[in-house]
Amino acid sequence: MIVILKENPEKHQLDNLLSWIERQGVTAHISHGIHQTVMGLVGDTAKIDIDLLCQMEIVETVKRVQEPFKNANRKFHPLDTVIKVNDAVIGGGGMTVIAGPCSVESEEQIITVARSVKASGATLLRGGAFKPRTSPYAFQGLREEGIKLLLEAKKDTGLPIVTEIMDLSQLDLFDEVDVIQVGARNMQNFELLKQLGHLNKPILLKRGLANTYQELLMSAEYIMAFGNENVILCERGVRTFENYTRNTLDISAIPSLKTLSHLPIVIDPSHAAGIARFVSPLSLAAVAAGADGLIIEVHNDPTHALCDGMQSLTMPEFDKLMKKINIIKEAEMSVKEL
């Protein structure tokens, strides 16, 4: 971190600043120029409050040389993180597909979809038990009963389950859930992230609808700083001026986040598009761009779905998409061999 001081700082101000910096556990190296004094801060500067530092009367400006996220930073962890969920592997150059309905509606529905997506090649089952909805009158999910039905589907198919947590009060219900999803609305629910940091299970962390890459990685940092390094990043589209689709899928997030972080990256084309016929092309684009996985909504009867049927693939459509994904992955392997 670089701190540029105002011209001709008074000695007592400089001494007070140095004392404050020492209390933060970092070291200051001072360079006196003709017109400016520059301080280089060495150590774990991630904990320093830049806003507080900038407000000090002696300080002209502050610049970070190093990103504020440490655990999620590729500079400190050059190798890709690979997360194993039973037999499924997320990261490390493979392609993991998580599939299932937006919400769990009945035992017959979730088991029917689970069997189908497994047969098509999905290795994890998604399904919403608790549903965050914009309208308080919309279907809110089966809640605890939904988790029980997901576990029944897991018992039937062997697929690990992925479902979203909404609140800290629900944490005990997720003991048998294999991957806990943190939705876009909760990406900066820091108290929830801290508690998830105490768990020893993977967390699928979705990017907020108007958040930057750094903000997403800082949320991942919350989980990792409290001891849980099993974080999977998820790009699900961001809100832009375009309203033809539900959101705008940010494909550039894949190479960008892979440059910044070692954590695996999963793409959610269903929530990005909000329209079923766009899910396949967006999925293929994500695979070609190097995503580590996809999370796709699949329903046995989208027309009568209680939640997000418009963006859900039918089971035959999902099977067709999986065949296309395999073709792209095979082509990618051939290119690597050249």
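Just so you know, these numbers come straight off a predicted model, no measurement behind them.
Looking at Val59 and Leu5, their side chains come closer than 4.5 Å, going by heavy atoms from C-beta outward. Side-chain contact check for Gln24 versus Leu41: every heavy-atom pair is 4.5 Å or farther apart. Counting heavy atoms from C-beta outward, Trp20 and Leu53 have side chains that approach closer than 4.5 Å. Side chains of Ser219 and Leu193 form a contact here, defined as non-hydrogen atoms less than 4.5 Å apart. You'll find the side chain of Ile110 reaches within 4.5 Å of the side chain of Leu150, heavy atoms only.
Taking CG from Leu209 and OG1 from Thr240, the interatomic distance works out to 11.0 Å, rounded to the nearest 0.5 Å. With values rounded to the nearest 0.5 angstrom, Leu313 atom CG is found 6.0 Å from Ser270 atom OG. Leu196 CG to Phe174 CZ: the interatomic distance, rounded to the nearest 0.5 Å, is 9.5 Å. Put simply, CD1 on Ile161 and CG on Leu149 are 10.5 Å apart, with the number rounded to the nearest 0.5 Å.
Across all their heavy atoms, Leu159 and Ala122 have their closest contact at CD2-O, 3.6 Å. A pairwise comparison of heavy atoms in Leu205 and Ala220 identifies CD2-N, 3.4 Å as the closest pair. Pairing each heavy atom of Ile296 with each of Pro269, the nearest pair is CG1-CG, 4.1 Å. Between Val298 and Ala99, the shortest heavy-atom contact is CG2-CB, 4.1 Å. In terms of heavy-atom proximity, Met39 sits nearest to Ala28 at CE-CB, 3.6 Å. Minimum interatomic distance between Thr81 and Pro264 (heavy atoms only, all atoms of both residues): O-CD, 3.7 Å.
In the hydrophobic clustering (ILVMFWY side chains linked at under 4.5 Å, chained through shared members), Phe241 stands by itself. Other cluster members for Val82: Val89, joined by side-chain heavy-atom distances under 4.5 Å among Ile, Leu, Val, Met, Phe, Trp and Tyr.
Glu152 places no side-chain N or O within donor-acceptor distance of the main-chain N or O of Glu107, the cut-off being under 3.5 Å. Of the possible polar contacts, none joining the Gln311 side chain to the Asp308 backbone as a donor-acceptor pair under 3.5 Å is found. A donor-acceptor pair is defined here as one N or O able to donate and one able to accept, closer than 3.5 Å; no such pair exists between the side chain of Asn230 and the backbone of Asn200. Side-chain atoms of Asp319 never come within 3.5 Å of backbone atoms of Met315 as a donor-acceptor pair (strictly under, hydrogens ignored). Of the possible polar contacts, none joining the Thr45 side chain to the Ile48 backbone as a donor-acceptor pair under 3.5 Å is found. The backbone N or O of His12 sits nowhere less than 3.5 Å from a side-chain atom of Glu10 that would complete a donor-acceptor pair. Distance alone, capped at 3.5 Å, places no donor-acceptor pair between the Asp178 side chain and the Val162 backbone. Proximity of a side-chain donor or acceptor of Ser116 to a complementary backbone N or O of Thr112 within less than 3.5 Å is not detected. No donor-acceptor pair under 3.5 Å is formed between the side chain of Thr157 and the backbone N or O of Arg115. Here the side chain of Ser261 pairs a donor or acceptor atom with the backbone of Ala72 at under 3.5 angstrom.
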Run Gln109 and Ser106 through side chain to side chain donor-acceptor pair (under 3.5 Å) and show every step you take. CA-CA 5 Å; Gln109 173 240 22; Ser106 68; 4.8 Å; no
Show, in sequence, the C-alpha distance, side-chain angles and deciding distance for Met187 and Glu215, and conclude whether the side chain to side chain contact (heavy atoms under 4.5 Å, CB included) test is met.
CA-CA 9 Å; Met187 190 204 87; Glu215 288 169 338; 4.2 Å; yes
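Applying the salt bridge (charged side-chain N to carboxylate O under 4.0 Å, His left out) rule to Asp301 yields no partners; only residues at least two apart in sequence or on another chain are considered. Not counting sequence neighbours, the partners of Arg207 by the salt bridge (charged side-chain N to carboxylate O under 4.0 Å, His left out) test are Glu235, Asp250. By the side chain to side chain donor-acceptor pair (under 3.5 Å) test, Asn71 is found to be paired with Glu221, residues two or more places apart in sequence or in another chain being considered. Annotation: side chain to side chain contact (heavy atoms under 4.5 Å, CB included) contacts of Gln214 (sequence neighbours excluded): Pro68, Phe69, Thr212, Met218. A search for side chain to side chain contact (heavy atoms under 4.5 Å, CB included) contacts involving Glu191 returns Leu168, Asn189, Lys194, not counting sequence neighbours.
The side-chain hydrogen bond (donor to acceptor under 3.5 Å, both in side chains) contacts involving residues 50-61 comprise nothing, where partners must be two or more places apart or lie in separate chains. Residue pairs meeting the ring pair (Phe, Tyr, Trp, His ring centres under 6.0 Å) criterion with at least one partner in residues 189-208, sequence neighbours excluded, are Phe190-Tyr222, His198-Phe226. Within the structure, ring pair (Phe, Tyr, Trp, His ring centres under 6.0 Å) pairs that include any residue of residues 83-114 do not occur (at least two apart or interchain). Sequence neighbours left out, the pairs with a member in residues 254-307 that pass ring pair (Phe, Tyr, Trp, His ring centres under 6.0 Å) are His77-His262.
For CE of Met310, the number of neighbouring non-hydrogen atoms (other residues, nucleotides, ligands) closer than 6.0 Å is 12 at most.
Both Ile328 and Phe318 sit in one connected hydrophobic cluster of ILVMFWY residues. Membership requires side-chain heavy atoms under 4.5 Å apart, directly or through other members.
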Please list, one pair per line, the donor and acceptor atoms closer than 3.5 Å that link side chains of residues 285-295 to other protein atoms, with sequence neighbours excluded.
{"from": "Asp292", "atom 1": "OD1", "to": "Lys258", "atom 2": "NZ", "distance (Å)": "3.3"}
{"from": "Asp292", "atom 1": "OD2", "to": "Lys258", "atom 2": "NZ", "distance (Å)": "3.0"}
{"from": "Asp292", "atom 1": "OD2", "to": "Ile265", "atom 2": "N", "distance (Å)": "2.8"}

